[in-house]
Number of protein chains: 2
Amino acid sequence: MVSMADKRVTLADVAKLAGVSKQTVSRVINDSEHVTPETRERVLQCINVLGFRPSALARQLSTGRSYTLGVVSCGGFGYLATGVAYLGMVRQADKMGYALLSKELTEFGPNAIQAMLDFMMERQVDGLIWAGPEIGDSHVWLNEFDPSTLPMPMIVVNASQRGLIDTVAFDNCESGRIATEHLLSLGRRKIGHISGPMSRWVARQRVIGWQQALDAAGLPECKEYFFEGDWEPATGGRGLRRLREICPELDAVFVSSDRMALGVLHEAHRIGLRIPEDIAVIGIDNAPESEFMIPPLSTMTQDTPAMAECALRLLIRRICERRGDPYPPLCAEAEDPILHHELVLRESTLGVKR
Amino acid sequence: MVSMADKRVTLADVAKLAGVSKQTVSRVINDSEHVTPETRERVLQCINVLGFRPSALARQLSTGRSYTLGVVSCGGFGYLATGVAYLGMVRQADKMGYALLSKELTEFGPNAIQAMLDFMMERQVDGLIWAGPEIGDSHVWLNEFDPSTLPMPMIVVNASQRGLIDTVAFDNCESGRIATEHLLSLGRRKIGHISGPMSRWVARQRVIGWQQALDAAGLPECKEYFFEGDWEPATGGRGLRRLREICPELDAVFVSSDRMALGVLHEAHRIGLRIPEDIAVIGIDNAPESEFMIPPLSTMTQDTPAMAECALRLLIRRICERRGDPYPPLCAEAEDPILHHELVLRESTLGVKR
DNA sequence: CTGAAAGCGCTTACAG
DNA sequence: CTGAAAGCGCTTACAG
């Protein structure tokens with residue numbers, strides 16, 4: 001039983017009240033030129049009187065455009081950076097008149113992925129953002145994937161570059177190199193690394209950057225001073241212990257997340273190691289906490305919202321391209337899909353300023 | 001120019017190929033009883049052959065149900081807890097067959113709120129989740145708000161209880177009381193508090209809990225030892241300095257977020273205060289970092305995903321109620337919309353175990 | 001500038 | 001068990 005009050009006000013109701021055709025009402029709500037000012041005014045008043053809100057659903061069905069973007073994530077909101085990325089996307093989407101539809105992927109078999117794609121296609125999203133961290137085998141299908149078989153454009157965030165698929169990502173290899181070079185510039189020569197899970201592209205890239213810097217400095221033996229963590233603090237502490245077993249003279253460590261670096265600082269404090277006198281520590285992320293760690297943590301900043309916004313602009317460009325629509329102002333010009341981390345130096349490498 | 005390949009396969013195409021009516025195809029995809037096994041089989045094969053995916057849009061338009069829930073947030077994904085809450089919602093929504101449509105509110109005038117409601121109504125969401133932190137005046141409209149004027153049910157997360165609006169929230173007042181009682185149980189008698197922004201309901205409730213515990217202990221004078229922070233670490237440090245000006249003999253502080261507590265620990269370390277010997281510190285959140293702070297932080301855990309899931313179940317109950325539909329299994333029984341924090345005790349109040 | 005008709009891709013009574 | 005018709009609320013050519 002639907003009460004009369006719940007009855008939706010439609011375009012037809014407005015047309016009847018205004019004494020015009022539905023077509024004319026449609027012209028008014030779509031800001032078409034071909035309406036006399038008086039007619040327009042009258043229609044607008046009727047819209048107000050009735051409290052008419054056009055149904056986006058009906059419009060989507062007839063135009064074939066949903067102004068909705070699908071966002072696929074994989075457990076990521078548990079990480080601050082992913083939350084921040086999502087916030088950046090929501091804001092940018094809002095600015096450009098798009099809504100975001102979220103879908104969380106918990107497993108990565110072909111079935112689950114197909115189900116996700118079906119979900120997005122059923123809801124006719126205009127574009128797709130793959131925003132999960134790149135997890136081992138879960139992304140192999142992307143390698144063979146021809147995005148043109150999809151009815152809508154798709155873009156991948158913070159994953160490895162692939163032939164046909166647009167990607168927006170940080171240059172994590174460069175970041176690893178820069179962090180390591182900083183440690184080298186301090187005169188450190190026994191530089192270890194605690195990585196994120198090697199199933200992650202981001203983690204692997206940073207390892208490569210670290211190795212490149214070591215090779216360039218003529219210290220290939222340091223590549224042995226390696227420990228694989230899981231992004232979380234506990235593995236930072238374990239990593240430090242293990243690295244010192246491998247190399248008792250370890251004098252610096254590049255840690256692939258600020259959270260794990262916290263674990264390193266904690267363990268160092270526990271066993272009485274001085275940071276940075278005994279061991280210099282640099283992280284990556286620039287978490288809000290890092291400035292207040294003991295000692296304050298050197299790290300690398302990433303502008304996550306910028307990455308999110310860049311991804312959205314690029315995706316909307318692709319959508320317009322495919323449909324032959326003009327680009328909206330906010331994404332008129334092409335931009336570089338590669339973003340860069342920047343060094344933030346604090347006491348954990350520099351020591352106390354005097 | 002749309003290529004033939006892009007032409008959507010519709011129910012009518014399937015019907016033609018299978019030699020049945022659209023109606024029959026509809027029955028098959030909706031698992032209706034009244035189809036002979038042979039017909040069903042033939043239709044299913046045609047669906048497969050053509051790769052038919054029903055349009056959720058068209059279905060939504062004719063049924064009036066979108067199986068989409070609107071989530072309104074306010075800058076919140078910048079906080080880990082909000083990201084985790086969103087993750088909980090996405091997962092629960094998925095389990096129950098709903099999608100989530102996100103909208104970020106950046107200002108709180110009546111216009112912005114109306115625009116948000118319009119957006120949600122245009123897209124015909126089945127229900128609305130107000131998941132922004134409760135910010136001062138931004139929520140006054142909720143006080144006078146009669147949710148029955150909305151075409152869909154709405155639910156508010158982690159905000160103050162209101163007459164007609166369903167709310168799912170932690171008992172933050174209780175949490176403040178319990179944290180303070182813990183400090184009292186250690187024999188502390190000069191117990192300060194660093195709060196979150198007083199524009200936030202959550203922050204105010206915790207202040208009240210702290211005050212209640214002080215009154216019950218006969219220590220009302222401690223209510224003067226108060227500093228308003230902003231959730232971020234820097235205000236923790238500033239708060240500690242200020243509280244010690246007000247009360248040089250301060251021997252404990254209850255801090256309204258683990259992030260601010262980190263600032264307290266940092267400042268204490270800087271000025272040589274011993275934690276907990278000189279000052280016991282307890283936070284609230286149980287952030288992943290807290291266990292690895294120096295010293296490890298006593299705090300209160302909140303099961304944010306549980307709150308998110310509870311909110312979703314309740315909202316879907318309300319949706320079914322309004323439409324006279326039966327409850328889905330996952331939300332068949334009513335549940336308590338009040339959640340509770342739990343103490344997690346570590347060295348910052350207990351000291352080193354021997 | 002304005003309107004009548006057909007269509008977007010489904011579902012919902014109503015018949016048979 | 002199966003189908004023809006009307007409808008969900010818009011927009012898109014096509015006329016006038």
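Note on naming: letters A, B, ... go to the chains in the order of the sequence lines (proteins, then strands), and numbering restarts at 1 for each one.
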A:Thr36 vs C:dT2: side-chain N/O to OP1/OP2 distance below 4.0 Å | yes
Kindly indicate whether the side chain of B:Thr10, heavy atoms from C-beta on, has any atom under 4.5 Å from the side chain of B:Lys22.
-> no
Under 3.5 Å, which N/O atoms of the protein pair with N/O atoms of nucleotides 12-16 of chain D?
{"from": "D:dA13", "atom 1": "N6", "to": "A:Gln23", "atom 2": "NE2", "distance (Å)": "2.5"}

Integer-rounded Å distance: C:dC10 C1' and A:Glu122 CD | 12 Å
Begin with the C-alpha distance, continue with both residues' side-chain angles, and end with the deciding distance and a verdict on side chain to side chain contact (heavy atoms under 4.5 Å, CB included) for B:Leu117 and B:Met152.
-> CA-CA 10 Å; B:Leu117 291 176; B:Met152 74 288 274; over 6 Å; no
Nearest of D:dT2, D:dC10, C:dG9 to any side-chain atom of B:Leu61?
-> C:dG9
Can you check the B:Met121 CE to D:dG9 P distance for me, whole Å?
-> 13 Å
Rounded to whole Å, CG of B:Leu11 lies from C1' of C:dC8 at a distance of 13 Å
A:Thr39 side-chain N/O to C:dT2 phosphate OP1/OP2 under 4.0 Å | yes
Between A:Arg123 (CZ) and C:dC10 (P), how many Å, whole number?
-> 14 Å
Report the C-alpha distance between A:Arg123 and B:Thr68 in whole Å, list the side-chain angles of each, state the deciding distance to 0.1 Å, and finish with yes or no for side chain to side chain donor-acceptor pair (under 3.5 Å).
-> CA-CA 10 Å; A:Arg123 300 205 168 230; B:Thr68 301; 2.4 Å; yes
Side chain to side chain contact (heavy atoms under 4.5 Å, CB included) between A:Ile155 and A:Arg318, intermediate numbers included | CA-CA 9 Å; A:Ile155 197 168; A:Arg318 294 290 178 253; 6.0 Å; no
Taking only Watson-Crick and G-U wobble pairs with both distances under 3.5 Å, what dot-bracket line describes DNA chain C, where [ ] shows pairs that cross earlier ones and | shows pairs with another strand?
-> |||.||||||||.|||
Heavy atom of residues 47-54 of chain A under 4.0 Å from DNA chain D: which residues?
-> A:Phe52, A:Arg53, A:Pro54
Starting at atom CG of B:Asn30, determine the distance to atom C1' of C:dT11, rounded to an integer number of angstrom.
-> 8 Å
For B:Asp31 and C:dT11, what is the distance between atoms CG and P respectively, to the nearest whole Å?
-> 12 Å
When rounded to whole Å, the CG to P distance for the pair A:Asp13 and D:dG7 reads 14 Å
Nearest heavy-atom neighbours spanning A:Cys320 and A:Pro328 = SG-CD, 3.7 Å
Work out which heavy atom in B:Thr167 is nearest to a heavy atom in B:Ser160; give both atom names and the distance.
-> OG1-O, 3.9 Å
Rounded interatomic separation in angstrom, taking CD1 from A:Ile29 and C1' from D:dT11 | 9 Å
Value for CG (A:Leu69) from CE (A:Met154), rounded to nearest 0.5 Å, stands at 13.0 Å
So which one's nearest nucleotide on DNA chain C is more toward 5', A:Lys22 or A:His34?
-> A:His34
Minimal heavy-atom distance between A:Leu315 and A:Gly127, with the atoms involved, is CD2-C, 4.0 Å
